[in-house]
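Read through the structure below, which is laid out as structure tokens, and then see the notes.
Note: hydrogens, waters and symmetry copies are ignored here, and every other heavy atom, side chains too, is used. Order of the sequence lines sets the chain letters (A, B, ...), proteins ahead of strands, with each chain counted from 1.
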Amino acid sequence: MPELPEVETMVREVRPALVGRTIREATLSHTDVLRGVTGRRFLTTLRGARVEQVTRRAKHAVIRFGAHRLVVQPGMTGSLQTQDAPLSTAQRRYAVLRARLDDGRLLIYRDIRRIGTLRLLDERGWRAYEARLGPEPLDPSFTPAELGVAFARTRQAVKKALMDQRLVVGVGNIYANEALYAAGIDPSRRADRLDDSSIERLHAAVVRILTAAIESEGSTIRDYQTGTGQPGSFQLELKVYDRQGEPCRQCGTPLAGTHAIDARMTVFCYRCQGRRVGEVGEVMK
DNA sequence: ACGAGGTCCTGCGAGC
DNA sequence: TGCTCGCAGGACCTCG
């Protein structure tokens with residue numbers, strides 16, 4: 001599931017193939033991924049557009065051309081890729097957006113479950129959209145103090161707060177689990193009640209893990225592919241995600257799994273993360 | 001204002 | 001073996 005490292009990876013990989021290129025032709029297999037724009041207007045705007053910039057903001061890939069930005073939010077199974085060769089039948093099946101470039105290459109947005117979204121925003125729309133997003137965790141200006149201020153705004157469990165894109169962007173379920181484990185923090189603790197030392201550890205863990213995951217081109221659990229269609233490799237370094245019931249790599253205690261926080265799978269170690277039994281809902285093995 | 005829970009969408013694995 | 005069912009979940013929405 002593309003979080004910050006996965007989106008950063010695909011953006012870095014498609015950028016060289018896209019910048020300076022003009023889109024000659026574009027087609028959509030489904031329009032249910034579009035938000036705030038009709039298929040007709042979306043395709044009309046893309047045709048003839050010259051790509052000026054390809055960047056990442058939060059978990060979005062942002063392709064800028066002239067007055068517009070194509071904002072790609074890959075959701076669970078989306079990825080942005082460029083292709084030299086014609087698409088195989090299997091590739092074609094999930095290629096939601098196909099855009100032919102002026103050098104003959106193909107830009108595709110591939111998405112199996114289509115939880116992902118495509119937006120076409122003008123300058124004003126983009127400013128409004130971006131205003132709702134929190135700070136970038138890998139920006140040098142992102143400090144433990146800033147994280148603390150963000151956390152003070154919510155009474156939610158720290159895991160949910162960490163995934164709240166208004167407080168800090170880019171962290172989804174995988175890296176929230178990993179960062180909390182690395183920092184030794186109980187995921188169910190209220191974000192606004194963490195002490196300074198915990199916030200510092202969590203801040204450091206988020207930065208370190210996201211950076212390492214980018215170096216490994218992201219985590220491929222099931223569907224994620226990089227901008228060249230390859231899997232990432234950070235899944236090999238995950239300590240807790242998808243490991244419920246398996247031994248903690250630090251102390252050997254079987255890792256616990258629960259859906260008690262925000263109905264999403266939380267995996268943690270009772271011993272290393274100091275969880276108080278029964279504080280939040282039922283815990284599964 | 002905040003939090004809980006439903007919704008989208010498809011593939012896959014568990015269970016019968 | 002073949003089917004059904006529930007789960008995976010990021011962001012957004014409605015309801016209480």
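- Nucleic acid contact class of A/Asp32 (heavy atoms, under 4.0 Å, all strands): sugar-phosphate only.
- Atom CG in A/Asp164 sits about 17 Å away from atom P in C/dG9, given to the nearest Å.
- Of the inter-residue distances, the one linking A/Leu194 atom CG with A/Ile199 atom CD1 reads 5.0 Å to the nearest 0.5 angstrom.
- Side-chain nitrogen and oxygen atoms of A/Arg114 include at least one within less than 4.0 Å of the OP1 or OP2 phosphate oxygen of B/dT10.
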What does nucleotides 10-16 of chain C look like as a protein-contact string, B for base, S for sugar-phosphate only, - for none, at under 4.0 angstrom between heavy atoms? BBS----
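- Between A/Tyr94 and B/dT10, a side-chain N or O to OP1/OP2 separation shorter than 4.0 Å is absent.
- Residues A/Thr89 and A/Arg93 have side chains that never bring a donor and an acceptor to within less than 3.5 angstrom of each other.
- Between A/Ile112 atom CD1 and B/dC12 atom C1' there is a gap of 11 Å when expressed in whole angstrom units.
- Between the side chains of A/Asn173 and A/Lys159, at least one donor N or O sits under 3.5 Å from an acceptor N or O.
- Each end of the helix from B/dC2-C/dG16 to B/dC16-C/dG2 gets its own rotation axis from five pairs of C1' atoms, and the angle between them is 50° to the nearest 10 degrees.
- As rounded to whole Å, 16 Å separates atom P of B/dC8 from atom CG of A/Asp111.
- A donor-acceptor contact closer than 3.5 angstrom is absent between the side chains of A/Thr9 and A/Glu217.
- We find that NE2 of A/His259 is positioned 6 Å from P of C/dG9, with the value rounded to whole Å.
- The aromatic rings of A/Phe65 and A/His68 lie tilted to each other, with the angle between the two planes from 30° to 60°.
- Salt bridge annotation for A/Glu136-A/Arg57: present, with a cationic side-chain nitrogen under 4.0 angstrom from a carboxylate oxygen.
- Within a 6.0 Å sphere centred on CZ of A/Arg35, heavy atoms belonging to other residues, nucleotides or ligands number more than 12.
- As judged by a 4.0 angstrom heavy-atom cut-off over every strand, A/Arg35 is placed among residues making no nucleic acid contact.
- Under 3.5 Å, the side chains of A/Gln53 and A/Thr55 contain no donor-acceptor pair of N or O atoms.
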